[in-house]
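Notes to accompany the following structure.
Below, chain A is the first sequence line, B the second, and so on; all start at residue 1. Computed over heavy atoms, backbone and side chain alike; hydrogens, waters and symmetry mates excluded.
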Amino acid sequence: DIQMTQSPSTLSASVGDRVTITCRASQTIGSWLAWYQQKPGKAPNLLIYKASSLESGVPSRFSGSGSGTEFTLTISSLQPDDFATYYCQPYNNYFWTFGQGTKVEIK
Amino acid sequence: QVTLRESGPALVKPTQTLTLTCTISGFSLSTSGICVTWIRQPPGKALEWLGRIDWDDDKYYSTSLKSRLTISKDTSKNQVVLTMTDMDPVDTATYYCARYRTIKESLDVWGQGTTVTVTS
């Protein structure tokens with residue numbers, strides 16, 4: 001099974017900061033990666049699919065990049081609504097998994 | 001509007017079998033490229049993928065839970081059913097169903113989740 005290593009596990013940042021979250025896959029997955037945002041008590045919400053495609057309705061301050069085994073989610077200017085937990089998920093085979101999550105906290 | 005809604009018992013006893021239903025609307029379970037997946041999240045922990053059922057009735061399960069899981073669908077009722085046998089307190093979690101589409105290679109619509117507590 002593919003293992004996803006997401007870092008950091010927690011990130012403290014201020015409004016307006018540029019934030020980067022990384023996911024590394026244990027084997028190459030092409031561009032088959034998605035990013036989700038989850039707020040407390042809510043279901044996750046799709047942000048990015050196919051590594052770099054922005055889901056409809058998601059603010060353009062969110063972007064994704066990478067291919068192969070290393071991927072990043074960037075928030076260009078952190079907003080109050082962005083304090084949440086973020087997960088990556090690969091899709092290159094039949095058996096899926098999730099990264100361990102990155103909690104973005106207020107500094 | 002595409003929606004998914006999970007339903008089932010909030011409490012189950014250890015060793016019992018859990019049955020959860022995901023009722024969908026706004027799309028069809030028989031459309032090529034569609035699948036419904038189950039994910040769970042223990043309190044304060046990360047998401048855990050459980051399994052999925054595809055439009056062609058192919059099924060895939062988490063390696064670690066495969067022996068305890070069954071996913072089925074009833075296209076006419078627009079429902080996907082998850083059964084998990086031999087429940088244990090460590091299975092206490094919020095259980096989500098979500099739609100996957102090959103055109104986006106992602107889970108683009110999620111249910112709101114249903115919380116299951118395993119306790120005697």
Measuring from atom [atom1] of [X] to atom [atom2] of [Y], what distance do you get when rounded to the nearest 0.5 angstrom?
X: B/E105; Y: A/L33; atom1: CD; atom2: CG; result: 11.5 Å
X: B/Q41; Y: A/F98; atom1: CD; atom2: CZ; result: 9.5 Å
X: B/L47; Y: A/T85; atom1: CG; atom2: OG1; result: 9.0 Å
X: A/Y87; Y: B/I39; atom1: OH; atom2: CD1; result: 11.5 Å

task: Might you work through the side-chain contact (heavy atoms from CB on, under 4.5 Å) test for B/L107 and A/W96, ending with a clear yes or no?
output: CA-CA 11 Å; B/L107 303 175; A/W96 298 341; 4.1 Å; yes
- prompt: Quick one: what part of A/P44 sits under 4.5 Å from any heavy atom of chain B, side chain, backbone, both or neither?
  reply: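 Contact with chain B is through both the backbone and side chain of A/P44.
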Heavy-atom proximity to chain B below 4.5 Å, by part of A/W32: side chain
- prompt: Among residues 48-80 of chain A, which ones touch chain B with a heavy-atom distance under 4.5 Å?
  reply: A/Y49, A/K50, A/E55
- prompt: B/D54, B/T63, B/T115: which one forms the most heavy-atom pairs within less than 4.5 Å of chain A?
  reply: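 Between B/D54, B/T63, B/T115, the count favours B/T63.
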- request: Could you tell me how the ring of B/W110 sits relative to the ring of A/Y36: parallel (under 30°), tilted (30 to 60°) or perpendicular (over 60°)?
  value: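 Perpendicular: the ring planes of B/W110 and A/Y36 meet at over 60°.
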task: Give the ring-plane orientation class for A/F95 versus B/Y60, where under 30° counts as parallel, over 60° as perpendicular and anything between as tilted.
output: perpendicular
task: With a 4.5 angstrom heavy-atom cut-off, could you sort out which part of B/T94 is near chain A: side chain, backbone, both or neither?
output: neither
task: Identify which part of B/L4 has an atom lying under 4.5 Å from any heavy atom of chain A, answering side chain, backbone, both or neither.
output: neither
